[in-house]
There are 2 protein chains.
Amino acid sequence: MENGHGGSKHRVAVIGSGNWGSVASRLLASNTAKLPSFYDEVRMWVFEETLPTGEKLSECINRANENCKYLPGIKLGTNVIADPDLESAVKDADMLVFVTPHQFVEGICKKLVGKLRPGVQAISLIKGMEVKMEGPCMISKLISDTLGINCCVLMGANIANEIAVEKFSEATIGYREDKEAASRWAKLFTTPYFLVSVVEDIEGVELCGTLKNIVAIAAGLVDGLDMGNNTKAAIMRIGLREMRAFSKLLFPSVRDNTFFESCGVADLITTCLGGRNRRVAEAFARNGGKRSFDELEAEMLHGQKLQGVSTAREVYEVLTYRGWQELFPLLSTVHEICIGQLPPTSIVEYKYWRD
Amino acid sequence: MENGHGGSKHRVAVIGSGNWGSVASRLLASNTAKLPSFYDEVRMWVFEETLPTGEKLSECINRANENCKYLPGIKLGTNVIADPDLESAVKDADMLVFVTPHQFVEGICKKLVGKLRPGVQAISLIKGMEVKMEGPCMISKLISDTLGINCCVLMGANIANEIAVEKFSEATIGYREDKEAASRWAKLFTTPYFLVSVVEDIEGVELCGTLKNIVAIAAGLVDGLDMGNNTKAAIMRIGLREMRAFSKLLFPSVRDNTFFESCGVADLITTCLGGRNRRVAEAFARNGGKRSFDELEAEMLHGQKLQGVSTAREVYEVLTYRGWQELFPLLSTVHEICIGQLPPTSIVEYKYWRD
């Protein structure tokens, strides 16, 4: 495993092959092909499915060098190899990239217990959390605890399709203690069009990526109410402030500076400008709250789920359990609007805010 | 001057009657009419002009209770009195609101020397600065120094026409030492649809309002290059970071928290979503930089000037004089693009950024 550069040579596997997983594999493969400290091959675990043509998704990816279903038209790099067998995909890797829907993480990790190489490092690109009564369990912690490995996170203003066509973008890696591992991940992800910063604040980075979806719901409501840019900017600012305050209450180690990184203000902006949470919330407000989020989601997203609505519910549970609702009027109000307890217009009722 | 509430009763005058000046007068007048510690009347100094109908602007305002030219269709409140005579407009006031184009401030202040009541307080709603070799002289300082009075600032995501129709919005008041004066201003400006926060960081607040116009030029260039939301969010974030770093280098007292206020991130968002700096910069990039900002400005803005271009030039002078150009690649690059030294695409050339 020694290479000619005085260090060990690393092998990367990606767990997940959706839209973002495919773009991430492409990004990583462009670097592993160039950098001597990594093996060229990037193995990508594919949750197998049969395409309408009858071909298997993994076969199609390996034949066409494209994710025919989730990222058609983009060559992944010939060193990306799709593998429908989870154990086989990860068995030689010492760097694991998790990029699946968040509800699958726990099951995947359980399958991997005892199957990984010693000293393996992980990074999570997954935005979401598991809420327990005592507070949210971040996905990186779930991975870390289940597998007994170190896990960084990568978050940022990262609309996958824009990165696929190499439009300039940034991201933030959050780590806990192991700066060397974080720097290696940064080296592996950074390209001329994809700049990566590294910060020692894993909870801050991950909570940014997760909580911003709630603010995007609020921003979408404002759009649907035709309130204009002042109001939208005000709501985004209040949202950012509550994200910061909530993160710091949960984890006193969270740093203010993290919210100035790509994972913070930039991801919030992207998500509140475009994004499906914003879009469905806009439709919800235009319908005066008379059609439920579930109904609009089914109609508009063709089976994809809105993370903002479920994250709002999860955060609300934490707020209720800890008696923090009054401290977080925006986060609370979004949930109460989502479940029909308050009308969409409540999002701009000033009585909810205080300094 | 004593009222029945144990304090002195205050009289407000507004210096300026453009679009924002008229909206501010309307906002203030709604409060002076209600609050016992203020005289009802808000006197608004009007830079007199003759309308196409032959009527004087001040006469039209007093007849119709509308600013017929700069805010037609909006009633100002019958307690707003237009006065074309500067000295007469301010002579009884002890609270002066400055809201003129920034290039007129120095001349106006010189005319007012020795003409004000003792103990008069000022607030500036003006976004801009005067650059001298040793650094920018903020407008509030110009007012303060010329007249020997205390001057706060009010900045924020405040598109005037949206506030005119009472859409929910926020603003930030920055003050130096005199918190009581700042709180009185906050009381005078706050309404159910206009929330005002107060922070002891006058330079931070004022620099936010000023520098954000440079970032709006950058955002407009990204729009004109069709780079998408990731890139735009990245540029806005880098811009915010440089605003913060530049402000802190100039004034070490500037606080990080100020950039989380309405004057910071919210105003940046509003300005980068709409606004004329963004719009003209978009046109500039679409033309590949072949038509100058001056030309596009004349064509698109009908005589209004772009603050972003001149602020970029002013900041560039400071950066050059102090040898700080490399520290502020975005602020520098915007100016170099504006003057045709670099192509519009330079705004996303990653080599300009480092961490």
Side-chain angles (χ1 to χ4, degrees), chain A residues 156-163 165 167-171 186 190-199 222 225-238 240-241 244 256-257 259-275 347-351 353-355, chain B residues 156-163 165 167-171 186 190-198 219 222 225-238 240-241 244 256-257 259-275 347-351 353-355:
Chain A
N158 299 150
I159 297 170
N161 288 333
E162 295 183 8
I163 297 167
V165 294
K167 292 199 167 165
F168 176 78
S169 187
E170 298 182 304
T190 300
T191 73
Y193 61 88
F194 194 72
L195 299 196
V196 179
S197 305
V198 165
V199 300
V222 170
L225 295 167
D226 290 318
M227 300 294 291
N229 284 344
N230 279 358
T231 308
K232 187 166 178 181
I235 293 294
M236 288 167 67
R237 176 194 94 81
I238 293 165
L240 183 66
R241 193 174 63 170
R244 182 171 65 127
D256 281 342
N257 256 337
F259 297 83
F260 288 116
E261 297 290 340
S262 179
C263 63
V265 65
D267 194 12
L268 180 74
I269 291 170
T270 301
T271 311
C272 290
L273 294 189
I347 203 63
V348 288
E349 277 168 21
Y350 74 99
K351 69 179 172 181
W353 288 281
R354 61 218 83 183
D355 247 291
Chain B
N158 299 150
I159 296 170
N161 289 332
E162 295 182 7
I163 296 166
V165 293
K167 293 201 167 163
F168 176 78
S169 185
E170 297 183 307
T190 300
T191 72
Y193 61 87
F194 194 72
L195 298 196
V196 179
S197 305
V198 165
V222 170
L225 296 166
D226 290 319
M227 300 293 291
N229 284 345
N230 278 358
T231 308
K232 188 166 176 181
I235 292 294
M236 288 167 69
R237 177 193 93 81
I238 294 165
L240 183 66
R241 191 174 65 170
R244 182 171 66 128
D256 282 342
N257 256 337
F259 297 84
F260 288 115
E261 296 290 340
S262 179
C263 63
V265 65
D267 194 12
L268 180 74
I269 291 169
T270 302
T271 310
C272 290
L273 295 188
I347 203 63
V348 288
E349 279 168 21
Y350 73 99
K351 68 179 173 181
W353 288 282
R354 63 218 84 185
D355 249 292

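All chains are named by letter (A, B, ...) in the order of the sequence lines, taking the proteins before the strands, and each is independently numbered beginning at 1.
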Residue among A:Asn230, A:Thr231, A:Val165 with most heavy-atom pairs under 4.5 Å to chain B: A:Asn230

Non-hydrogen atoms of B:Ala157 and A:Ala233 that approach each other most closely: CB-CB, 4.1 Å

B:Lys167 (side chain) donor-acceptor with A:Asp226 (main chain) under 3.5 angstrom: yes

Least distance between heavy atoms, A:Phe168 atom then B:Ile235 atom: CE2-CD1, 4.5 Å

Interchain contact, A:Leu240 with chain B, by part (heavy-atom threshold 4.5 Å): side chain

Side chains of B:Ile159 and A:Asn229 in contact at under 4.5 Å (non-hydrogen atoms): yes

Segment of A:Asn161 engaging chain B (4.5 angstrom heavy-atom cut-off): neither

Heavy-atom pair count under 4.5 Å with chain B, highest-scoring of A:Gly156, A:Gly264, A:Ala266: A:Ala266

Most contacts with chain A, counted as non-hydrogen pairs under 4.5 angstrom, among B:Gly275, B:Ser169, B:Cys272: B:Ser169

side-chain contact (heavy atoms from CB on, under 4.5 Å) between A:Asn257 and B:Arg244, intermediate numbers included: CA-CA 11 Å; A:Asn257 256 337; B:Arg244 182 171 66 128; 2.9 Å; yes

Proximity breakdown for A:Leu225 and chain B, heavy-atom pairs closer than 4.5 Å: neither

A:Met236, part contacting chain B, at a heavy-atom distance under 4.5 Å: side chain

Chi angles and distances behind the salt bridge (charged side-chain N to carboxylate O under 4.0 Å, His left out) call for A:Glu261, B:Arg237: CA-CA 7 Å; A:Glu261 297 290 340; B:Arg237 177 193 93 81; 3.6 Å; yes

A:Leu273 side chain reached by B:Leu273 side chain, heavy atoms, under 4.5 Å: yes

